[in-house]
Amino acid sequence: MDVRGDRSTARRKRLLLAGLLAVVGLILLLLGLTVANGAVAGVEVVLALLLLVGSYAIQHVARRDTLYRDERPR
C-alpha cells in the first residue's frame, strides 16, 4: 500500500475515534447536567469536558496532517 493510503486510513481512524469521544462526551454531559446529583454529576461533567477537548484535539491533528502533508513523489 502506498503512503497516501496509509495516511488516509490513519486520518479516517482518528476522525472515527474523535467522533466516538464526542458522542460519549455529549452523553455524559447531558446525564451530568440533568439526571446525576452531587459529586457524581460534577465528575461526569468534568469527564465529559475532557472527552470533548480530547475529541477536538484528535480532529485538529487529523486535519493538520492532511493540510500539511507532502505529496511530492519520492
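Keep in mind that this is a model prediction, so the values were computed, not measured.
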By the side chain to side chain donor-acceptor pair (under 3.5 Å) test, which pairs, at least two apart or in different chains, include something from residues 45-57?
S55-Q59

So which residues get pulled into L15's cluster when ILVMFWY side chains under 4.5 Å apart are joined, directly or through others?
none

In the hydrophobic clustering (ILVMFWY, side-chain contacts below 4.5 Å, transitive), which residues join V24, or is it alone?
L17, L21, L28, L47, L51, I58

Which residues share a side chain to side chain contact (heavy atoms under 4.5 Å, CB included) with V53, sequence neighbours left out
none

Side chain to side chain contact (heavy atoms under 4.5 Å, CB included) filter on V23, not counting sequence neighbours, yields I27

Minimum heavy-atom separation for A48 and G25, please, with both atom names.
CB-O, 3.2 Å

Please list all pairs passing the salt bridge (charged side-chain N to carboxylate O under 4.0 Å, His left out) test where one or both residues lie in residues 14-23, with sequence neighbours left out.
R14-D65

Under a side-chain separation threshold of 4.5 Å, the hydrophobic residues clustered together with L50 are V46

What pairs meet the side chain to side chain donor-acceptor pair (under 3.5 Å) rule with one or both residues in residues 34-45, with sequence neighbours excluded?
none

Which residues pass the side chain to side chain contact (heavy atoms under 4.5 Å, CB included) test with L52, not counting sequence neighbours?
A22, L26, L29

